[in-house]
Amino acid sequence: MKLVRYISTKRKLAVIGSGPSAFYTILNLLKEKPNDFEIDMFEKNPSPFGLVRYGVAPDHPEVKNCINRFNDIKEFLNNGTFKYFGNTPISTKNSILNLNDLYKNYNLILFAYGSSIPNLPINFKNLNHFGIIDSFSLVNWYNNNSNFKNLNLPFEKIKNLSIIGNGNVSIDITRLLLNNNLNYLKNTDISENILNKLTKSDIKNINIIARRGILESKFSNKELRELLEMDEKFGIYFTGYNLNDFKDQLNDIKLDRINKRRISLLNKYMEKFQNLKDKSKIRKTWNLQYLKDPIGVKIKDNELLSETIFKENKLIKNVENNNWEIKSTNKLISIPNDFLILSTGYKNQPLLDFENFNIPFKNNKIENINGKIIGVKNSYCVGWISNGSNGNINDSLIDSINTSNSIINDLNNDDTNFVEKKGRIEIQDKLLKNRAKIITWNDWIKIHELEKSNGEKLGKPYEKLDFNEMIDYVN
Ligand SMILES: Cc1cc2nc3c(=O)[nH]c(=O)nc-3n(C[C@H](O)[C@H](O)[C@H](O)COP(=O)(O)OP(=O)(O)OC[C@H]3O[C@@H](n4cnc5c(N)ncnc54)[C@H](O)[C@@H]3O)c2cc1C
């Protein structure tokens with residue numbers, strides 16, 4: 001009898017990362033072609049969902065509803081179309097698997113591993129003092145990412161705090177640090193240990209400081225309004241911004257819709273504060289500062305600062321082209337503060353072995369056209385690693401459509417030069433030989449069930465487990 005070898009024509013796809021961009025892309029692919037892929041997702045943490053779990057603020061639960069959509073992946077578990085490898089980093093310092101393993105065993109690779117480090121201002125002195133922290137670490141800490149649990153922040157001693165950078169992350173931080181009362185936070189997914197620390201903090205004022213002008217503010221009006229509206233209910237007041245710096249510019253130009261709304265909101269609440277008769281209502285304050293380039297800090301003691309020093313910028317109208325431009329001056333100014341948060345964004349990094357595969361990494365992203373990596377066959381990218389740490393979850397959704405379309409186009413044109421690869425068989429073998437503690441999707445479901453039942457006792461949606469607790473629980 002002649003033996004017929006079964007050849008699977010399914011494309012074996014390895015996905016690095018399990019954030020929104022990865023999930024949206026694979027769900028698009030499976031919706032379009034449910035029988036054409038075998039997908040393995042590799043996530044360095046035991047738990048999935050990237051910044052939705054360790055970035056989005058705990059008091060914004062509605063943003064995390066996208067997880068309901070990601071959980072649709074369960075439909076593809078039983079027939080082996082999808083497999084999750086949690087606690088399985090790719091091409092990091094101590095990882096068992098690297099890109100060589102993936103290129104050898106998969107037809108297609110999707111890079112969706114997001115940002116891995118903070119983007120810090122250059123030319124800034126004393127970065128290593130305990131009185132300075134980057135927003136990347138702080139956000140991971142308040143979201144109970146185990147890798148940041150040893151951050152010992154002297155919150156009880158801080159009264160006046162500055163944040164450099166004025167994006168939505170700075171607004172999130174301001175909201176959480178000022179509105180740190182138990183009633184506001186206790187029903188969120190913020191962990192008990194963080195809650196204990198946060199509620200003891202007694203920060204009275206936050207300065208949000210930016211290098212450029214008011215029209216270049218990075219926060220959205222939605223986040224701004226939420227913070228402004230905390231005045232009467234929570235006693236958290238916006239004290240204002242340096243209006244005089246912008247009067248001429250604002251009189252001179254026609255504002256777009258977003259800026260018009262932004263300025264009108266800021267002016268309304270600034271006036272409201274100035275006209276407030278009963279000052280006893282003010283529990284805490286925050287303000288916006290513009291046109292200040294940070295250059296260093298003055299230190300008070302081992303834990304705290306006394307001030308942050310800036311070079312002042314000036315807004316000048318260029319008479320040749322009528323544009324308003326920001327020019328640096330030599331004037332130094334200082335803002336008193338006990339503590340400083342550098343919230344100047346997140347940054348991407350190439351994986352350790354990118355050079356071996358000629359993967360082009362430039363300008364903080366993998367170079368690509370519609371998610372297809374330039375010059376490297378069968379390789380795609382999506383989300384923050386493909387667009388330079390920018391955008392919200394909705395942008396990831398749009399991005400994922402471009403990337404999944406590119407994959408499907410290539411598949412339809414057979415651009416992928418199909419050859420059968422071993423996929424997960426060989427990968428699992430290597431992981432097991434190296435005693436890896438892989439977290440499967442079913443493990444994750446069990447872990448999250450425990451998180452939910454622990455949370456229920458505390459009146460919360462769930463109480464996050466530590467990475468080690470997760471691994472111990474399912475092993
Ligand atoms: C502090 C903060 C708050 C935010 N709040 C909001 C909000 O309220 N609303 C909103 O719409 N958007 C918000 N965003 C933006 C949103 O989180 C991003 O748009 C989105 O998460 C980007 O998705 P991603 O899949 O590209 O990356 P990520 O979500 O970062 O996912 C990448 C995943 O890859 C994993 N990974 C990294 N390296 C490796 C490796 N070597 N091997 C295996 N896995 C790896 C990571 O652990 C992570 O799970 C926020 C962002 C931040 C930083």
Side-chain angles (χ1 to χ4, degrees), residues 14-26 40-67 70 84-99 101-102 109-119 134-143 145-147 165 167-173 175-176 218-220 222-223 226 341 343-354 365-366 371 381-400 403 439 444 467:
V15 182
I16 308 173
S18 71
S21 67
F23 269 102
Y24 282 130
T25 309
I26 61 169
D40 290 345
M41 176 180 268
F42 299 94
E43 166 57 52
K44 72 173 179 190
N45 296 335
S47 52
F49 310 135
L51 285 170
V52 180
R53 199 171 147 98
Y54 296 115
V56 172
D59 60 338
H60 278 172
E62 71 291 348
V63 177
K64 304 183 193 203
N65 287 343
C66 57
I67 289 177
F70 306 155
Y84 175 71
F85 292 81
N87 199 31
T88 312
I90 304 295
S91 298
T92 58
K93 217 164 144 204
N94 300 316
S95 63
I96 298 166
L97 298 179
N98 55 37
L99 285 186
D101 298 305
L102 300 195
I109 318 282
L110 175 64
F111 295 85
Y113 64 91
S115 300
S116 32
I117 48 169
N119 179 35
D134 57 83
S135 60
F136 180 89
S137 306
L138 180 71
V139 166
N140 272 297
W141 172 80
Y142 71 54
N143 278 308
N145 179 327
S146 315
N147 297 335
N168 282 339
V169 176
S170 301
I171 302 282
D172 280 349
I173 292 173
R175 201 178 60 247
L176 283 170
K218 289 276 179 65
F219 47 76
S220 67
K222 183 168 174 275
E223 290 255 348
E226 185 185 355
I341 297 170
S343 181
T344 38
Y346 282 35
K347 204 168 160 184
N348 296 329
Q349 277 187 316
L351 293 180
L352 286 183
D353 42 4
F354 264 18
K365 60 183 183 180
I366 300 176
C381 58
V382 68
W384 275 22
I385 195 63
S386 77
N387 63 26
S389 325
N390 267 318
N392 58 28
I393 294 168
N394 253 340
D395 297 312
S396 292
L397 171 62
I398 296 163
D399 219 18
S400 77
T403 301
I439 301 289
W444 162 245
F467 291 159

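Note that ligands are numbered from 1 as they come in the structure, with each ligand's atoms numbered from 1 the same way. Sequence positions, counted from 1, serve as the residue numbers for this chain. The figures here come from the full heavy-atom set of this structure, side chains too, leaving out hydrogens, waters and symmetry mates.
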**Item:** Under 3.5 Å donor-acceptor, S343 side chain and S135 backbone
**Value:** no
**Asked** Any donor and acceptor pair, going by atom type alone, linking the side chain of N119 with main-chain N or O of T344 inside 3.5 Å?
**Response** yes
**Item:** Taking atom 23 (O) of ligand 1 as the reference point, the nearest protein heavy atom with its distance
**Value:** P20 CD, 3.5 Å
**Fill in**
Checking heavy-atom distances from atom 46 (C) of ligand 1 to each of E43, E223, M41, the winner is E43
**Message:** Could you check whether atom 50 (C) of ligand 1 has a protein contact, counting only heavy atoms that fall below 4.0 angstrom?
**Reply:** no
**Item:** Contact atoms of ligand 1, heavy-atom distance to G19 under 4.0 Å
**Value:** 25 (O), 29 (O), 31 (O), 33 (C)
**Message:** If the cut-off is 4.0 Å to any non-hydrogen atom of S396, which atoms of ligand 1 fall inside it?
**Reply:** 19 (O), 20 (C), 22 (C), 23 (O)
**Fill in**
The closest protein heavy-atom partner of atom 42 (N) of ligand 1 is I90 N, 3.1 Å
**Message:** Please list, in number order, the atoms of ligand 1 under 4.0 Å from a heavy atom of G17.
**Reply:** 33 (C), 34 (O), 35 (C), 44 (N)
**Request:** Could you check atom 28 (P) of ligand 1 against the protein and tell me its nearest heavy-atom contact, residue, atom and distance included?
**Result:** L51 N, 3.9 Å
**Numbered atoms of ligand 1 (with element) below 4.0 Å of G50, judged on heavy atoms** = 29 (O), 31 (O), 48 (C), 49 (O)
**Message:** Side chains of D399 and S21 only: does a donor on one sit below 3.5 Å from an acceptor on the other?
**Reply:** no
**Request:** Would you mind listing which atoms of ligand 1 come within a distance below 4.0 Å of any non-hydrogen atom of G383?
**Result:** 26 (O)
**Prompt:** Counting from 1, what ligand 1 atoms have a heavy atom of F42 closer than 4.0 Å?
**Reply:** 43 (C), 44 (N)
**Request:** Can you see which heavy atom on W384 is nearest to which on S115, and at what distance?
**Result:** CE3-OG, 3.2 Å
**Prompt:** Can you list the residues that meet the side-chain contact (heavy atoms from CB on, under 4.5 Å) rule with S146, with sequence neighbours excluded?
**Reply:** D466, F467
**Asked** Considering only protein heavy atoms, which is closest to atom 44 (N) of ligand 1, and at what distance to one decimal place?
**Response** K44 N, 3.1 Å
**Asked** Under a heavy-atom criterion of less than 4.0 Å, does S91 contact ligand 1?
**Response** no
**Message:** For N390, give me all partners under side-chain contact (heavy atoms from CB on, under 4.5 Å), at least two apart in sequence or on another chain.
**Reply:** N387
**Request:** May I ask which of Y54, Y113, Y24, F49 has a heavy atom nearer to atom 39 (C) of ligand 1 than the others do?
**Result:** Y113
**Item:** Numbered atoms of ligand 1 (with element) below 4.0 Å of T92, judged on heavy atoms
**Value:** 41 (N)
**Request:** Considering only non-hydrogen protein atoms, determine which one is nearest to atom 15 (C) of ligand 1 and report residue, atom name and distance to 0.1 Å.
**Result:** G391 O, 3.6 Å
**Prompt:** Is there a heavy atom in S116 that sits closer than 4.0 Å to ligand 1?
**Reply:** no
**Request:** Specify the protein heavy atom at minimum distance from atom 27 (O) of ligand 1: its residue, its atom name, and the distance to 0.1 Å.
**Result:** G114 CA, 3.8 Å
**Prompt:** Is S115 close to ligand 1, meaning an N/O of one under 3.5 Å from an N/O of the other?
**Reply:** no
**Message:** Any nitrogen or oxygen of D172, side chain or backbone, less than 3.5 Å from one on ligand 1?
**Reply:** no
**Proximity of L351 to ligand 1 by residue part, where a heavy atom lies under 4.0 Å** = side chain
**Prompt:** Who's the nearest protein heavy-atom neighbour of atom 25 (O) of ligand 1, and how far?
**Reply:** S21 OG, 2.7 Å
**Request:** Classify the side-chain pair T403/T25 by whether it contains a donor and acceptor separated by less than 3.5 Å.
**Result:** no
**Item:** From T25, V382, V56 - option closest to atom 5 (N) of ligand 1 by heavy atom
**Value:** V56
**Message:** Within the supplied structure, the quantity of interest is the number of heavy atoms (other residues, nucleotides, ligands) at a distance under 6.0 Å from K347 NZ; does it exceed 12?
**Reply:** no
**Request:** Give a yes or no answer on whether the side chain of N98 reaches the backbone of D101 with a donor-acceptor pair at less than 3.5 Å.
**Result:** yes
**Request:** Starting from atom 1 (C) of ligand 1, find the nearest protein heavy-atom neighbour and note its residue, name and distance.
**Result:** G55 O, 3.4 Å
**Request:** Mark the output for I16 as yes if a heavy-atom distance to ligand 1 is under 4.0 Å, and as no if none is.
**Result:** yes
**Prompt:** Do the two ring centres, one from Y113 and one from F42, sit under 6.0 Å apart?
**Reply:** no
**Item:** Test of ring centre spacing under 6.0 Å for Y24 and F70
**Value:** yes
**Request:** Give a yes or no on whether the backbone of S137 and the side-chain of N140 come within a donor-acceptor separation of less than 3.5 Å.
**Result:** no
**Message:** Checking the side chain of E223 only, and the main-chain atoms of I171 only, is there a donor and an acceptor separated by less than 3.5 Å?
**Reply:** no
**Prompt:** So how far is it from L102 CG to I90 CD1, rounded to the nearest 0.5 Å?
**Reply:** 4.5 Å
**Prompt:** So, N143 side chain and N145 main chain: donor-acceptor pair closer than 3.5 Å or not?
**Reply:** no
**Request:** Identify, by atom number and element, the atoms of ligand 1 in contact range of V139, meaning under 4.0 Å from any of its heavy atoms.
**Result:** 1 (C)
